[in-house]
Amino acid sequence: MNHPIRFQLDMARSWSLDVAESCPIELVDVQLQEFSNTIRWQLGHILTVAERMLFQVPFPSGSLPSSFTGWFDSGSKPSDWIDTPPTWIELIMLLKIQQERFRAIPTEQFDVRLDPPFFGFATYGECAGFVIVHESFHAGKMDEMLRVVNQRL
């Protein structure tokens, strides 16, 4: 039986991927005045935060280059990018690979206590819960951005 947290991680990621795959490539880097970032940034941010929260502590297995933090960490923005970020297709591929890694998280891992707490979370399951909420928020933001951009074009 699928663990409820793993199920919700998968559901949130599938929603993000649905929104991403419905976005025309010519819109991923459109920056509107109402939004501080682009749809590409939103997708990279989802990927980067999930990697940090689920695959750096307490079982280090992170696989993203450190440059992702500069491009997609909280407070970053595309207008500050110096280097070329991953392509839209690369981001989607990395999200799908990460989703497979979500599916492989052992059930008992969600109960592991974190000492010290990681970003204030006392268990690995709490970190996963944050990823679910965080990803859902940003998937909704991407959907909103896509609707607004499409209305304007």
Side-chain angles (χ1 to χ4, degrees), residues 2-107 109-110 118-119 121 124-125 127-153:
N2 199 4
H3 191 279
I5 294 175
R6 194 181 315 114
F7 175 80
Q8 291 174 351
L9 283 166
D10 194 55
M11 186 173 60
R13 179 54 51 91
S14 293
W15 181 27
S16 295
L17 287 167
D18 286 348
V19 174
E21 290 174 331
S22 74
C23 182
I25 193 74
E26 62 271 10
L27 301 182
V28 301
D29 292 316
V30 172
Q31 173 119 27
L32 297 176
Q33 184 178 1
E34 297 91 330
F35 302 107
S36 59
N37 286 299
T38 63
I39 296 171
R40 181 195 309 247
W41 182 90
Q42 295 288 333
L43 200 65
H45 180 68
I46 287 169
L47 175 71
T48 302
V49 169
E51 191 71 19
R52 176 183 303 125
M53 299 303 293
L54 296 178
F55 300 112
Q56 287 184 349
V57 170
F59 310 101
S61 62
S63 66
L64 294 179
S66 61
S67 55
F68 276 65
T69 302
W71 291 317
F72 303 117
D73 213 4
S74 296
S76 66
K77 56 186 182 281
S79 60
D80 292 338
W81 292 346
I82 296 168
D83 299 325
T84 303
T87 67
W88 187 244
I89 300 304
E90 289 170 328
L91 288 173
I92 290 173
M93 179 196 66
L94 289 168
L95 284 157
K96 288 178 179 181
I97 291 168
Q98 193 181 64
Q99 184 177 32
E100 289 304 317
R101 292 167 61 213
F102 290 170
R103 293 172 178 157
I105 297 170
T107 300
Q109 191 165 316
F110 294 114
F118 188 59
F119 286 96
F121 299 110
Y124 185 81
C127 287
F130 171 78
V131 169
I132 294 162
V133 171
H134 180 264
E135 182 145 355
S136 298
F137 171 82
H138 284 281
K141 184 59 72 175
M142 285 192 308
D143 192 47
E144 175 189 16
M145 293 169 83
L146 187 55
R147 278 195 319 269
V148 172
V149 168
N150 276 320
Q151 288 172 355
R152 301 250 174 101
L153 298 179

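Remark: the Q42 side chain and the S16 side chain contain no N/O donor-acceptor pair separated by less than 3.5 Å. Residues S136 and W15 bring no donor and acceptor atom of their side chains to less than 3.5 Å of each other.
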Should L32 and M145 be marked as a side-chain contact (heavy atoms from CB on, under 4.5 Å) after you check the CA-CA gap, both sets of side-chain angles, and the distance that decides it? CA-CA 8 Å; L32 297 176; M145 293 169 83; over 6 Å; no

Yes or no on side-chain contact (heavy atoms from CB on, under 4.5 Å) for E100 and K96, after CA distance, side-chain angles and deciding distance? CA-CA 6 Å; E100 289 304 317; K96 288 178 179 181; over 6 Å; no

Under the salt bridge (Lys or Arg N to Asp or Glu O under 4.0 Å) rule, what do E144 and R147 come out as? Steps first, then yes or no, please. CA-CA 5 Å; E144 175 189 16; R147 278 195 319 269; 5.8 Å; no

Should M142 and H45 be marked as a side-chain contact (heavy atoms from CB on, under 4.5 Å) after you check the CA-CA gap, both sets of side-chain angles, and the distance that decides it? CA-CA 11 Å; M142 285 192 308; H45 180 68; over 6 Å; no

Using the rule given for side-chain contact (heavy atoms from CB on, under 4.5 Å), can you reason through T69 versus L64, listing the C-alpha separation, both sets of side-chain angles and the distance that settles it, and then say yes or no? CA-CA 9 Å; T69 302; L64 294 179; over 6 Å; no

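The backbone N or O of R6 sits nowhere less than 3.5 Å from a side-chain atom of D10 that would complete a donor-acceptor pair. A side-chain donor-acceptor contact under 3.5 Å links R40 to the backbone of P86. Between the side chain of Q98 and the main chain of L47, a donor-acceptor pair closer than 3.5 Å is present. W81 places a side-chain N or O within donor-acceptor distance of the main-chain N or O of W71, the cut-off being under 3.5 Å. Side chain of Q31 to backbone of F35: a donor-acceptor contact under 3.5 angstrom is found.
Looking at heavy atoms from C-beta onward, D83 lies out of side-chain contact with S67 at the 4.5 angstrom threshold. The shortest distance between side-chain heavy atoms of L91 and V28 does not fall below 4.5 Å. The side-chain heavy atoms of C127 and F119, taken from C-beta on, include no pair separated by under 4.5 Å.
Rounded to the nearest 0.5 Å, atoms SG (C23) and CG (N150) are 8.0 Å apart. K77 NZ to T38 OG1: the interatomic distance, rounded to the nearest 0.5 Å, is 12.5 Å. The structure places CZ of F72 at 8.0 Å from CG of L43, a figure rounded to the nearest 0.5 Å. Note: Q8 CD to E135 CD = 12.5 Å, rounded to the nearest 0.5 Å. Going from atom CD of Q109 over to atom CD1 of I5 covers 11.0 Å, rounded to the nearest 0.5 Å. For the atom pair CZ of F102 and CD1 of I132, the computed distance is 9.0 Å after rounding to the nearest 0.5 Å.
Nearest heavy atom pair, residue M53 against residue Y124, reads O-CE1, 4.4 Å. When all heavy atoms are compared, the tightest approach of R13 to L95 is NH1-O, 2.9 Å. The two residues F130 and V49 come nearest to each other via the heavy atoms CE2-CG1, 3.9 Å. Shortest non-hydrogen contact noted between F118 and R52 is CE2-O, 3.5 Å. For A139 against V19, the heavy-atom pair with the smallest separation is O-CG2, 4.2 Å. Nearest heavy-atom pair across A128 and L54 is CA-CD2, 3.6 Å.
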